[in-house]
K.L.:
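Quick one: the structure is below, and I'll ask about it shortly.
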Amino acid sequence: FLHPSQEWNLQQRHSHVRDMEINGIKHTNIPHNPWLPPTTPVWTLLGSSQHTQQRTRFHKGKEEEDEIDEAEIEELFQQQIPTGISEEEHRVFIVHPDVKWGSRKQYLTTAALQMEEAVGLVNTLYNWSVVDKIILSTKTPEKRRIFGKGNFQALTEKIRATPGVTAVFVNVECLSPSSEKELQEAWGVKVLDRYSLVLHIFRCNARTKEAKLQISLAEIPLLRSRLRNEVANLDQQGGGSRYIMGSGETLFEMQQRLLKERELKIRSALERLRRKRHLLRSQRKHRDFPIVSVMGYTNCGKTTLIKALTGDAGLQPKDQLFATLDVTVHAGKLPSHMTVLYVDTIGFLSQLPHQLIDSFSATLEDVTHSDLIIHVRDISHPETVNQKVNVLNVLKNLQIPEKLLNSIIEVHNKIDLIEGFEVSDPEVIPISALKQHGLEVLKEKIEEAVVKYTGKQIMTLKVQLNSPQLAWLYKEATVQAVDDVGDDCTANVKVIISQAAYGRYRKLFQVT
């Protein structure tokens, strides 16, 4: 640290520190601190030390070992794309089975709203279009044809009479292989369910290594079920159980083995990425930045909110489903000048198989290590209550710690779309992320919760100005105010500090 009596080089004064990187994550517009010596290096501000550098070197070999070649990822991603959903475009007929009673009936929504979401899913895909749609009642959703004989026959005639149909989207969670096969034979076109359609949306939006690997893993159950179906067809023709060129393997066994080998490669690559992510989390924890995960139903405005809270110009929110498939981290300032890291996560959707959520466990693992969760709701959406229930169910299934679930701040977004909006729950924060309404109240609520759930303390410390104490506090804590108390080179400094940092401060400067 520079002693205040040293001559500071004014030509090196930084008005702002821009494009700062924290653990390889780019952050912008972190302001220069006027109480720090102007030449204090950025790495000192971030808490880098000889110990940290040694630890980084210690992990360097492991990091290099965990690096995955881009070509290896691309090969795994492009292998065995599920047939029928890799085509560039489709003209889709949507069928929504309206279940009248039983365990599969959706009680918090309506058939019309579910159809609206189904149309939105199809329209998310470039060059895909909806040519027709129908809501059809059923009392037998568990049967292979889903509908009764009369309804199914009428539906089949309608689909076959509609010109230009290249695929039928049955708006159910997941069709069995036998059901999918029978429907395709009846209708003469490709049949999709929510699982296969959402997977294709994910595949089209995947940009990073981790997203591509997780999508490839999520496709394995789909490929496996279709393999069984195809081999069953071959068996009927007497070809599926034949041995391959004296190898002792049947066609089915060989295909199963290749699929298993691919799955093991994907899981191994994901584990290497998981270790790297764990190292980044450890470094963030060491630097004591509170971590706030922003979660919600797909297209509720999470990315728009994080952009509004951080001013990160690199964020480009899109008005579409599943625009975000990766966890990204963005630094922002609270009213006390405390730096927090906002984690942008993948959006949720109702009626998705658990395998799809499980495949993204490596990404969603970051949420379980947060200090706080912000649940963003699109309060203007007609299904906002149903969406809330789905998000909370997924969070519980992720085995989020009870303490973290209790920390959730519920945010009602898009209030600008509701004329005369009034909030009924005093614990809820109403905002418009796009119009930047209500953000200051939200920041204050986040700050209050961060102090409560991270065990940080608000303290006033008497500091010697002719010692490195003040610079140390700026580095290791959040300095809120500095009041010069007189001519004895001391000041009262109001700080937000963790118990661990306060213990180090007392030991280093022998404060009682």
Side-chain angles (χ1 to χ4, degrees), residues 80-99 104 114-115 118-119 121-125 127-138 140-204 218-240 251-252 255-256 259 351-353 355-356:
Q80 294 179 293
I81 299 172
T83 56
I85 59 171
S86 59
E87 286 86 352
E88 291 184 359
E89 58 185 75
H90 270 302
R91 289 168 53 80
V92 183
F93 190 112
I94 302 178
V95 178
H96 177 73
D98 185 16
V99 182
R104 300 195 188 188
Q114 289 175 290
M115 175 60 83
V119 171
L121 284 170
V122 173
N123 289 337
T124 296
L125 290 161
N127 276 345
W128 284 45
S129 59
V130 178
V131 293
D132 204 351
K133 58 187 179 180
I134 188 171
I135 297 171
L136 208 55
S137 297
T138 179
T140 57
E142 71 286 345
K143 290 191 174 180
R144 280 188 300 182
R145 290 190 170 188
I146 302 173
F147 304 100
K149 187 176 181 180
N151 272 351
F152 185 77
Q153 185 174 343
L155 175 61
T156 299
E157 289 171 0
K158 184 173 177 62
I159 291 170
R160 287 189 171 274
T162 304
V165 175
T166 62
V168 175
F169 171 32
V170 183
N171 192 28
V172 296
E173 183 179 300
C174 192
L175 293 168
S176 68
S178 59
S179 181
E180 182 184 342
K181 176 190 173 187
E182 190 159 335
L183 295 178
Q184 285 182 175
E185 287 175 351
W187 298 335
V189 292
K190 179 65 192 167
V191 174
L192 306 169
D193 52 26
R194 287 172 77 88
Y195 188 19
S196 56
L197 185 64
V198 170
L199 266 179
H200 186 56
I201 295 171
F202 282 6
R203 177 169 276 277
C204 292
E219 288 171 343
I220 294 289
L222 191 62
L223 290 165
R224 193 165 278 136
S225 67
R226 289 182 178 177
L227 173 61
R228 282 194 292 267
N229 208 22
E230 288 166 10
V231 170
N233 290 340
L234 283 172
D235 279 342
Q236 290 175 3
Q237 302 164 26
L251 174 63
F252 178 66
Q255 296 271 31
Q256 282 277 56
L259 199 55
Q351 289 183 275
L352 282 185
Q355 300 103 312
L356 194 53

K.L.:
Can you confirm whether more than 12 heavy atoms, excluding those of Gln153, are under 6.0 Å from its CD atom?
P.N.:
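No, not enclosed.
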
K.L.:
Under a 4.5 Å cut-off applied to non-hydrogen side-chain atoms, are Glu173 and Asp193 in contact?
P.N.:
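No, too far: nothing below the 4.5 Å cut-off.
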
K.L.:
Under a 4.5 Å cut-off applied to non-hydrogen side-chain atoms, are Leu175 and Tyr195 in contact?
P.N.:
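Heavy-atom side-chain distance check fails, nothing below 4.5 Å.
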
K.L.:
With Arg160, which residues qualify under side chain to side chain contact (heavy atoms under 4.5 Å, CB included), at least two apart?
P.N.:
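Applying side chain to side chain contact (heavy atoms under 4.5 Å, CB included) to Arg160 gives Thr156.
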
K.L.:
Would you indicate whether the side-chain heavy atoms of Trp187 and Val165 approach each other to under 4.5 Å?
P.N.:
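A side-chain contact is absent here, since even the closest heavy-atom pair is not under 4.5 Å.
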
K.L.:
For residues 144-153, which residue pairs pass the salt bridge (charged side-chain N to carboxylate O under 4.0 Å, His left out) check, not counting sequence neighbours?
P.N.:
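Matches after skipping sequence neighbours: Arg144-Glu182, Arg145-Glu182.
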
K.L.:
Take Leu183 and Phe152, measure what side chain to side chain contact (heavy atoms under 4.5 Å, CB included) needs, and give me the verdict at the end.
P.N.:
CA-CA 10 Å; Leu183 295 178; Phe152 185 77; 3.4 Å; yes

K.L.:
Taking it one step at a time, do Phe147 and Val95 satisfy side chain to side chain contact (heavy atoms under 4.5 Å, CB included)?
P.N.:
CA-CA 11 Å; Phe147 304 100; Val95 178; 3.7 Å; yes

K.L.:
With heavy-atom distances below 4.5 Å as the criterion, would you say the side chains of Asp132 and Lys158 are in contact?
P.N.:
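Yes. Closest side-chain heavy atoms under 4.5 Å.
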
K.L.:
Report yes if some heavy atom in the side chain of Glu219 is under 4.5 Å from a heavy atom in the side chain of His200; otherwise report no.
P.N.:
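Answer no - side chains too far apart.
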
K.L.:
Where do Glu89 and Thr166 land on the side chain to side chain contact (heavy atoms under 4.5 Å, CB included) test, with the steps shown first?
P.N.:
CA-CA 9 Å; Glu89 58 185 75; Thr166 62; over 6 Å; no

K.L.:
Begin from the C-alpha positions of Arg224 and Gln255 and carry the test side chain to side chain contact (heavy atoms under 4.5 Å, CB included) through to its verdict.
P.N.:
CA-CA 9 Å; Arg224 193 165 278 136; Gln255 296 271 31; over 6 Å; no

K.L.:
I'd like to check Ile201 versus Trp128 (side-chain heavy atoms, cut-off strictly below 4.5 Å). Are they in contact?
P.N.:
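Heavy-atom side-chain distance check fails, nothing below 4.5 Å.
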
K.L.:
Any non-hydrogen side-chain atom of Val122 less than 4.5 Å from a side-chain atom of His90?
P.N.:
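A side-chain contact under 4.5 Å is absent here.
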
